Amino acid sequence: MDRSRVAVLYAHPLFGQGIAKLLARDQRLEVSCEPAREQDVVELTKVLLPDALVLEGCEDALLSRLVEDLPPIPVTFVDLRENTLTAYRGRQQVVPPPATILEAILPAVS
Amino acid sequence: MAPVRVLLIDDQILFRKGIHALLEDQPDIEVVGEGGDGQEAIELVEQLAPDVVLMDVNMPICSGVEATRTIKELFPDTRVVILTVSDEDDELFAAIKSGAEGYLLKDLEPSELFNMIRGVMRGETPISAAVAGKLLHEFREHSWRSVGEPKEGNLTARELEVLQLVADGHSNMEIAMRLCIVEGTVKNHLRNILEKLQLENRLQAATYAIRHGLVERPRKRRAAL
């Protein structure tokens, strides 16, 4: 079975690499992990071509605009200060938000 | 050698689980428990007797600063290192005064965190470079709240030498090598310094010494305090 490719793009190495390590435990996922500034996220996503994206360290105000510019893949935003995830599928925000990252990127791995 | 036993305290569950996962690859570090607030931290320290607590600051129920103060009172051998996203002055200084052995920001590379955990077990004082700069700035501006009047007259020349090296960020072993004395003697000098200055740990001693001009500014580039 082909594994789904998930890219974790992060601002904080400890957080981003920790998330990638957790996701990599799931046999269904092939996880890549890269540091990225907000302005580089779209370009980097076009290069990596993941099936799902996890973004860490983006400003709240930029999320919806960023999603407009990204390919229509599941995108999950995580924040060091919040336990709540913000997830988008097909550019629509998921309400209520998924409880876990795996749940957030599930369409890509099912 | 037995692994360093680490307790993780952070209310951001994903961050905490992620660090736990990263630390599992380090054979000389063992995560013995996790908690999500300061009250849980105190209870887990009592139950698990970890060597090092990585402690967040802003948490529900009981803050990391309050928990650190209690832990240092009840379990003085447990080393507490603050690991926070906040570099706010109030929280930084409150954490230092609570007895924390170090203050790290969450923008660390994982390898830096691993090395700082090992370092704190050697008596080093892990401080993020950005925080060290902030401390020095505050000292220069003389805006840090005083912890008392200078008592440098009570320190011997040798103790001042040791204090300078502590402020430079050297471990006890490094100080011993530089002064051609054994590590136990360094520990004795440090104990005397802390007693004379009425402080709790080497970080407080270093900051106090710089604040009151007992020593020159730190001469090491990073993690100088």
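All values below were derived from every heavy atom in this structure, side-chain atoms included, with hydrogens, water molecules and symmetry-related copies excluded. In this text, all values refer to a predicted model and were calculated from it rather than measured experimentally. Throughout, a chain's letter reflects where its sequence line sits, starting with A, and its residues are numbered from 1.
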* To do: Assess K106(B) against F15(B): is NZ or CZ under 6.0 Å from the centre of the six-membered ring, and within 45 degrees of the ring's axis?
  => yes
* Any donor and acceptor pair, going by atom type alone, linking the side chain of S128(B) with main-chain N or O of L105(B) inside 3.5 Å? -> yes
* Structure fact -> For E200(B) and L194(B), the nearest pair of non-hydrogen atoms, with its separation, is O-CD1, 3.9 Å
* **salt_bridge(E101(B), K72(B)) N-O dist < 4.0 Å** => yes
* Structure fact -> If one checks every heavy atom of L83(B) against chain A at 4.5 Å, the contacting part turns out to be side chain
* Asked: Minimum heavy-atom separation for P50(B) to V32(B), with atom names?
  -> CB-CG2, 4.1 Å
* Relative to chain B, which segment of I101(A) carries a heavy atom at a distance below 4.5 Å: side chain, backbone, both, or neither? -> side chain
* So what's closer than 4.5 Å to chain B heavy atoms on E82(A): side chain, backbone, both or neither? -> backbone
* Asked: Is it the side chain or the backbone of D25(B) that comes within 4.5 Å of chain A heavy atoms, both, or neither?
  -> side chain
* Name the region of L14(B), side chain, backbone, both or neither, that has any atom closer than 4.5 Å to a heavy atom of chain A. => both
